[in-house]
Amino acid sequence: AELNILTWEGYADPSFIEKFEQSSGCKTTSTYVGSNDDFAPKLAAGGGVYDIIVPSIDTIGLMRQAGFVQPIDTSKIEGWANVYPEFSTATDVAAEGETWSVPLVWGSISLMYRPDKIEPAPDSIGVLFDPKYKGKIAMWDDKSSLYWTARLLGYDNIYDLTDEQLETVKQKLIEQKPLIRKYWATAGELTELYANQEIWVSNTWTGLQSKEVNALDKGFQVVEFTPKEKAEGWMDSMQLVKGTPNEECAYKFFSFMLNADGQCGIVGSTGYFPVNPDAVSACLTGAEAEAKKVNNIEFVKSLVMWQMPARLDKYLETWNAVKAAP
Amino acid sequence: MAVQPIVTLENVVKSYGTFTALHNINLEIAAGEFVTLLGPSGCGKTTTLRLIGGFETADEGRITLAGSDVTQEPPYRRDINTVFQDYALFPHMTVAENVGYGLTVRANRRPKEERDRRVREALTMVGLADKAGRMPQQLSGGQRQRVAMARALVRQPKVLLLDEPLSALDVKLREAMQVELKHLHQKLGITFLMVTHDQQEALVLSNRIAVMKGGRIAQIGSPSELYDKPATPYVANFIGAANLIACTYLGEEGNIARVKLADDTVVSGHRAENAKALKPGDACLIAIRPERFQTSGVPDGGSAINATVTDQLFHGGRFQLELVLDGAAAPLFIEIPRNSVVADGTVPQPGNRITLGVAPPDVLVYAAEEDA
Amino acid sequence: MAVQPIVTLENVVKSYGTFTALHNINLEIAAGEFVTLLGPSGCGKTTTLRLIGGFETADEGRITLAGSDVTQEPPYRRDINTVFQDYALFPHMTVAENVGYGLTVRANRRPKEERDRRVREALTMVGLADKAGRMPQQLSGGQRQRVAMARALVRQPKVLLLDEPLSALDVKLREAMQVELKHLHQKLGITFLMVTHDQQEALVLSNRIAVMKGGRIAQIGSPSELYDKPATPYVANFIGAANLIACTYLGEEGNIARVKLADDTVVSGHRAENAKALKPGDACLIAIRPERFQTSGVPDGGSAINATVTDQLFHGGRFQLELVLDGAAAPLFIEIPRNSVVADGTVPQPGNRITLGVAPPDVLVYAAEEDA
Amino acid sequence: MKAKTRQTVGFWLLFSLPLAWVVIFLILPYGAMGMMSFWSRKFPLFVADFQFGNYLQLFIDPQYSAVILRTLKIASLVTVYSVAFGYPLAYFLVFTIRSEKLRTLLYMCVVVPLWVSYLLRAYTWKIILGTDGALNSALLWLGVIKEPLDIFLYNQAAMVITLTYIFIPFMVMPIFTALERIPPALIEASQDLGAGPFETFLRVILPLSTAGIVAGATMTFCLSFGDFVAPVLVGGPSGTMVATVLQSQFGAALNWPLGSALAVVIFTLVLVVLQVSNRLDRAGRVSMG
Amino acid sequence: MHKLIWWQKSLVGVAIGTLLFLYVPVAILILFSFNDSPVTSFPLSGFTWGWYQKVFANADLIRALGNSLMVASAATVLTIVIGVPAALALDRYPFIGKQLFRNTILLPLSLPGIVTGIAMLNFYKQIGLPQSLGAVIIGHATALTGIVVSQVLARLEKVNRNLSEASSDLGATSVETFFYVTLPNIRSAIIGSALLSFTLSFDEIPVTYFLTGREITLPMYIYSTLRRGITPEINAIGTLIVVVSLVVILSSVSMLRQKN
Ligand SMILES: Nc1ncnc2c1ncn2[C@@H]1O[C@H](COP(=O)(O)OP(=O)(O)OP(=O)(O)O)[C@@H](O)[C@H]1O
Ligand SMILES: Nc1ncnc2c1ncn2[C@@H]1O[C@H](COP(=O)(O)OP(=O)(O)OP(=O)(O)O)[C@@H](O)[C@H]1O
Ligand SMILES: [Mg+2]
Ligand SMILES: [Mg+2]
């Protein structure tokens, strides 16, 4: 049997996938996406090519509504019970009385900067809009830019902004454009932008990019910080594509990923946080465990967790309008 | 013709779109003849040849080859071969392969020994035995022409079609190849049907010439028939550069027709076929060959024409004089052999007045309606 | 020449890489002359013209134009115009624009009215006044040729260079254009220097002809000088198709040289310049023009040559006979006017034996070392 | 068999496969795209429909016209620069290089990059133009500047440079061919009639090479108009081009009907450009005889 | 010839500058493939073969390469199978809509690839053909057939039209004529355009982007890597591709330029 997974790079690292293949007898093939926005088009276009997809929490609802995925029988998944309930019962994970996805890893999105260039140390999202750093700022090329701006503007209904609010957000972002060096699209691109001295400050996938930049040792260090307006949080979970012929293997995969081999493997290869704290007790200890926020569910609460915007279309259109603006 | 014709065209019509290239062509060619299609550009010579070769299909009419109807047959089922204007040698084959090609095709495959022998014979016949291994692009124009001949002849066709086979060659080579072509025809006894627009070539080579005009055959006959008795002023002019002079018909006595020129000079001549209906007072045309004018006097029963020399062109062996007839606008050309002139010591110079004599058989009278 | 030369070439040498295209050319052309460069392909005719036009620069020697040294001047500073072989009309300009081009260039800009007038005049002169608005591609070959002439002439150059101006035209048109060209030259009085490889054209048009061979001038002179007294067998053969027959020199009496042919026939002739050193017993060559043979008897003091007719070619106004001389291999060509033959009623047929008479002035004796 | 029948059979033997292929895989897809441009968006996907809302949106929402105009501007700049650099190069190859062999070699050198991975050639410019890139390090070393400049990369200029670089060979090829086809006799005739080299260039060579310029410009314009790699790699925040928007309609925005409408607009634009160039080209070709 | 004057000199200057402009980037690409640092910025830090070793050790990359080779080969075969008969039909027979057919088949060459990609994506979706390498192959074949058609047609027009008539005159049937006469004369055009198709397909992104499924081709791999971040590994692959395409292209161009 085989299993075709549409996922993120690092989420199917041979270091643990090989174990899965041996133990389950399922051959896996992984295809990688660059963004959450790749999932729907891939399924809309092809269909029937993938068995499992791994979108972030703000996208799983869309998958359900578009009819791309089918409900999950959690009883077939070992370790389901140990998953943080904040995730296993989150909006869109559980909906319409069914469970639609299996949490996999989570993380936050904070800010990052070069202390040798930026003084004093910033503490607000506002640094991304600071004309002092014109041409040295990068933002993620994602609708989440709208969330950041909305929060800077003090809106608290960031996933359900009114038309006026969206318009204000849009204007703010257009105003910011001359300051922006580049909208970064991937982790690697951001790393590269720092390494090549193109930028000094940006938002970042907590943990991953700062580590990579610092590892390059280009004669400067970068520092992450959580702005006073809070960081954003995300969680990636696995979904079962509707009509997959490889359901059996899929469930084996879910179980595998929620348990020690899978959780340790993915945390190891990506640096993100496990959703099943029990599973990593053996591989993460002490400071490591603390860094990975194991059992620190309070941290989740301190984050602005992603949700699917109520008017996703409108958000996407707004974000595109920002990018299209001169 | 007594012999049974090898090629016949009966009422053949061919149009391209709305343009009729051939109107109702009838033609019979006897086995062993050398027939030439002669005419100006666009008159349908190539089209006629292509219909016989099978590269085009007639819209109407019948084409037979040795008695059997081939109107609908493709080229590869006709026992005919063609020498193309630009030779169409296969550039990726050697000379020997080109010549042997027609003996390797499935329909006519010959054993290797026979093929080699026939290729060798054909190349020897055209004098290229030593060039068998060359590629066509390594040959001169005349050599290519001969390869094309050999390639067609090696198949021993009943009829050989030649579309302006010599037109790509320069003057000297063309003249030499004309002689060769003629000898080859005499030696092989195959029927040749050639297209040319060079009247000199047609005169030298053919048993019969078909002069074409606008998709029709204007006249067909032996070279001397065409030269001496052209049916129309068009033919007269096309074959051997006749001088055409406008005239008014006066009448006929015996077989001598009398016409009046612009300056009222009366000229006697013979009526051509198309002038039978002429009535006194009708507009007419007379045709006189350049070499038929006599500068040394007026022959018995002949006419005298007065003219002014406007130019004298030296051609080596002969002089060509350009004259203007009294009362006429278009110039006239006459030819006088140089030795006779030199003997007299009198070369007419531009500006001289001159009296030309012509005998009645050298003056052909036509009705004027034809365009020349 | 008495007149001061308009163009002179003094010891001009031109090489391409290691190949010497012109060896030490000397040439003087008088104002108003029509000079033709004649010779086989590759002999350097075009190169000579291009040196004069300024498109190539001489390696050695001097070229003057109306007395001033132009050896190093670019084409646009020479008071010379050229009619190119393929006309080189500007395809993106109308006929009038083409013709007017030379009057709009910065160095020679004329006011619009003058330009228009001169263009109109030039086009009228070549008979194309009504085609002024056409594009060159909409013209026939002969019309293009005339546009090219008009374009060059409108600048009223001192010298007009013409590189095979008629070679792209078909026979009939070429003959007509030859006459036009000649008239134009007579009318304008401009110096013409023309390149051709067609000896007929050279004979008809030129005041003087320079026959070239391998980058050298073999002989220069008037058409009749070249025809009657070719300096070498090469020139004899190149101008007017002479029959060259190998012989053995016997000796001279008075100005009559006597030679012996392969079958021991003795022939009397005149020694050419290059035969002055011949001693009895030396190998020699005689040259006889095709039309100088007499079929009706042997002239006084002339020689009789026996031959067999191998072919008879009908040329309309005359017959060409192919003969083989007793004891010789190469064929001989003679020409007899048709009217004389027809009068006798005797056309020699292939296979007939024939006796040809030639008068001594028609037989030129050369040393045999020259290649023909 | 009658000759006519034989012809017909031969024709269909040859032509049926290509015709079927073109109809099925070329005409139908373009047709389907045209159809879908009338569909409507229905979150999260879309439904078959027949309405002009997508086109309306493209025309009234300023973001689309802004992007189309910007793309037109960039494509035009790229075309102009490609001509400005490509023409002298082609001229140089044809008229200055005397040796046939060297000319062929250099011509190959110009053409070869055309087929070397497009992506890599675009990407190289990122290495060169960056703040830390080759250009800045060279300028620093030469002492022209003290601090690295960040004006080279991530803006429209960078896109224009990159695309110009990519399309110069497209421009050189047809111009080269056009120049090579000009009979040398025409140039000589012009000089013969008293025109100096510059006048000859302006009045003979340039007009006779317009067909080449038009062909190259058309290709360059159409292809750079639809490029979506340069904006991603070297474009800055304001580097969005039409193809990027198109891509996002079929990706993130998941609005295929709107995307189809946009594609139809691009398609039409390209057809118009091709038609215009065809006219110009035909004029040029006629003038070449 | 006479001495160059000012404008000719500046023209020569621009020309040489442009030539350099074409090659400097390629040189830089190659340079960095040997640079001993994971980030592609100056100054160079040292020489290494490491990136090449990485290329050959990268299973995904090798797989993508394999896919690319497969796609390019299959697409090329298809372009020939469709393009050559199409060119022959266009050359030989008059038929209604000939010009339209010709323009249509050439259209994808001037149309931005993304439009073709999208059109096909739409269509495949509607007929239920899943995204896959197969779909990519069909897409490439469709987009690139124009190259074969135009090149072969150009050659056919140059090949003396009388050749096939001469062949049938000498007794060969149409099939014999095709194999003995026509094919040998257009062979180099076919090979040349096949090589071109191959290279273009091998390098194709926009159509592939929309049509590929799980499996990706090398350019797609590079494209995603570029977005993820540049490593000199890409330079190493780039250098390899440059070298290989040089060989392929030089041979294809020489095939296409071949006279007669
Ligand atoms: N394939 C064709 N389509 C349309 N018209 C044609 C075609 N072939 C020939 N014609 C026309 O038919 C007429 C006769 O053409 P054909 O080639 O037989 O002339 P030709 O006598 O051989 O002339 P030339 O001496 O120029 O070769 C011409 O007017 C020509 O334009
Ligand atoms: N640009 C050149 N480079 C090298 N050789 C040349 C060049 N131009 C002419 N030649 C050589 O110089 C010789 C004379 O050439 P030219 O063109 O003057 O001959 P031509 O008498 O005009 O011949 P044709 O009758 O064939 O035009 C030839 O052998 C030719 O090959
Ligand atoms: Mg013809
Ligand atoms: Mg010449």
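Just so it is clear: chains get the letters A, B, ... in the order the sequence lines come, proteins before strands, and each one is counted from 1.
Atoms CG and CG, from D:L274 and E:L111 in turn, are 8.0 Å apart once rounded to the nearest 0.5 Å. Taken from CD1 in E:I118 to CG in D:L246, the straight-line distance is 3.0 Å, to the nearest 0.5 Å.
Heavy-atom distances place no part of D:A138 under 4.5 Å from chain E, backbone and side chain included. Heavy atoms of D:S16 lying under 4.5 Å from chain E are absent altogether. Using a 4.5 Å cut-off between heavy atoms, D:F85 touches chain E through backbone and side chain atoms alike. Of the atoms belonging to D:F201, it is side-chain heavy atoms, and not backbone ones, that fall under 4.5 Å from chain E. Looking at E:L218, there are no atoms closer than 4.5 Å to chain D (heavy atoms on both sides), in backbone or side chain. Within the 4.5 angstrom heavy-atom criterion, only side-chain atoms of D:V270, from C-beta onward, approach chain E. At a 4.5 Å heavy-atom cutoff, D:L269 makes no contact with chain E through either its backbone or its side chain.
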message: As a quick check of understanding, evaluate side-chain contact (heavy atoms from CB on, under 4.5 Å) for E:Y124 and D:F25, giving each step before the final call.
response: CA-CA 9 Å; E:Y124 289 174; D:F25 291 114; 4.2 Å; yes

- prompt: Given D:F267 and E:L107, is the side-chain contact (heavy atoms from CB on, under 4.5 Å) satisfied, shown in steps?
  reply: CA-CA 10 Å; D:F267 187 98; E:L107 189 60; 3.6 Å; yes

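If you look at D:F15 and E:F101, their ring centroids are closer than 6.0 Å. Ring centroid separation for the pair E:F210 and D:W256 does not come in under the 6.0 Å cut-off.
Side-chain atoms of D:Y91 never come within 3.5 Å of backbone atoms of E:L11 as a donor-acceptor pair (strictly under, hydrogens ignored).
Counting only N and O atoms by type, the side chains of E:T104 and D:Y30 include no donor and acceptor under 3.5 Å apart. Defined by atom type and a distance below 3.5 Å, a donor-acceptor pair is present between the side-chain atoms of E:T142 and D:W21.
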